[in-house]
There are 2 protein chains.
Amino acid sequence: MSLNETFRALSDPTRRQILDLLRRGEMTAGALADRFDMTKPSMSHHFAVLKEADLVTSRREGQQIWYALNTTVVEDVLAWAVQLAADGRDRGGKSE
Amino acid sequence: MSLNETFRALSDPTRRQILDLLRRGEMTAGALADRFDMTKPSMSHHFAVLKEADLVTSRREGQQIWYALNTTVVEDVLAWAVQLAADGRDRGGKSE
DNA sequence: ACGATATTTAGTTGTTAGTCTAATTAGCGA
DNA sequence: TCGCTAATTAGACTAACAACTAAATATCGT
């Protein structure tokens, strides 16, 4: 896993919105693209970045490609943040 | 708060290492810079990005500037990831 | 195999990011 | 104020990014 790639992928608002939509379940590339004011090739680029970061998985079903959220990597981010926040707080003395 | 800025700041490995060092407590700009194989101006740039993203705070004490981790924003990232992971898992059916 | 639909790949362009060197600001002590 | 140290700002250069249009690939139905 590369937090590098992961955070880079998350640093784009369009990509975070895509993940947000996928919280509710799988969606096809086309259905996702329709939700944004952007060309399909541009959206396809974002899908590729998310896939490379392993934040989503994809499978083809006929002519469509279904994308799904990969919670595993999200949990890695979670773990990273927990550690940073927890240790920081222990020292910082911020009690709540 | 802007997750945009936050994730952009976190997408650089040097900056994540800086935060990592700050888990243990405040450090001066110079002390931090010494830990990296990079010029001080470059390090200063990274401090500025982290400050802009509100991931660190700074205060001057004499000739030195002390940087400290701001756990509040880290916790915002945490909350974001929790929501994504939790909702995603509810649907994804991943039981552990 | 053909035509239509779904999606990605290629190539281009303008913008942003990370790094460096050189110059500048800020504070301290004599 | 002068000289020293700490840190940032300015300017330049290269690499990487996000968006677009046009073209290519993959699958389906006839």
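The sequence lines fix the lettering, A, B, ..., with proteins before strands; numbering per chain opens at 1.
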With the side chain defined as heavy atoms from C-beta on, A:R8 is closest, among C:dT21, D:dC17, C:dA10, to D:dC17
query = Can you find a side chain N or O atom of A:Y67 that sits less than 4.0 Å from OP1 or OP2 on C:dA6?
reply = no
Going 5' to 3' through nucleotides 24-30 of chain C and flagging B where a protein heavy-atom sits under 4.0 Å of the base, S where only the sugar-phosphate is that close, and - otherwise, we get ---BS--
Winner on side-chain proximity to A:D12, out of D:dC20, C:dT19, D:dA18, is D:dA18
Do B:L21 and B:R35 have side chains that approach each other closer than 4.5 Å (heavy atoms only, starting at C-beta)?
yes
- Message: Is there a path of hydrophobic side-chain contacts, each under 4.5 Å between heavy atoms, that joins A:W66 and A:F36?
- Response: no
query = If only side-chain N and O atoms of B:S42 are considered, is one of them under 4.0 Å from the OP1 or OP2 phosphate oxygen of C:dC20?
reply = yes
task = Assign the ring pair A:W80 / A:F7 to parallel, tilted or perpendicular, where the plane angle (0 to 90°) is split at 30° and 60°.
result = perpendicular
Picking from D:dA6, C:dT9, C:dA22, the nucleotide nearest the side-chain atoms of B:Q64 would be D:dA6
Looking only at C:dT7, D:dC20, C:dT21, the nucleotide nearest the A:I65 side chain is C:dT7
note: B:F47, atom CZ; D:dT9, atom P; distance rounded to Å ~ 12 Å
Note to self: If the cut-off is 4.0 Å, is B:H45 near the phosphate of C:dC20, judged by side-chain N/O to OP1 or OP2?
What the structure shows: no
Legend entry - N/O (side chain, B:H46) to phosphate O (OP1/OP2, C:dA17) under 4.0 Å: no
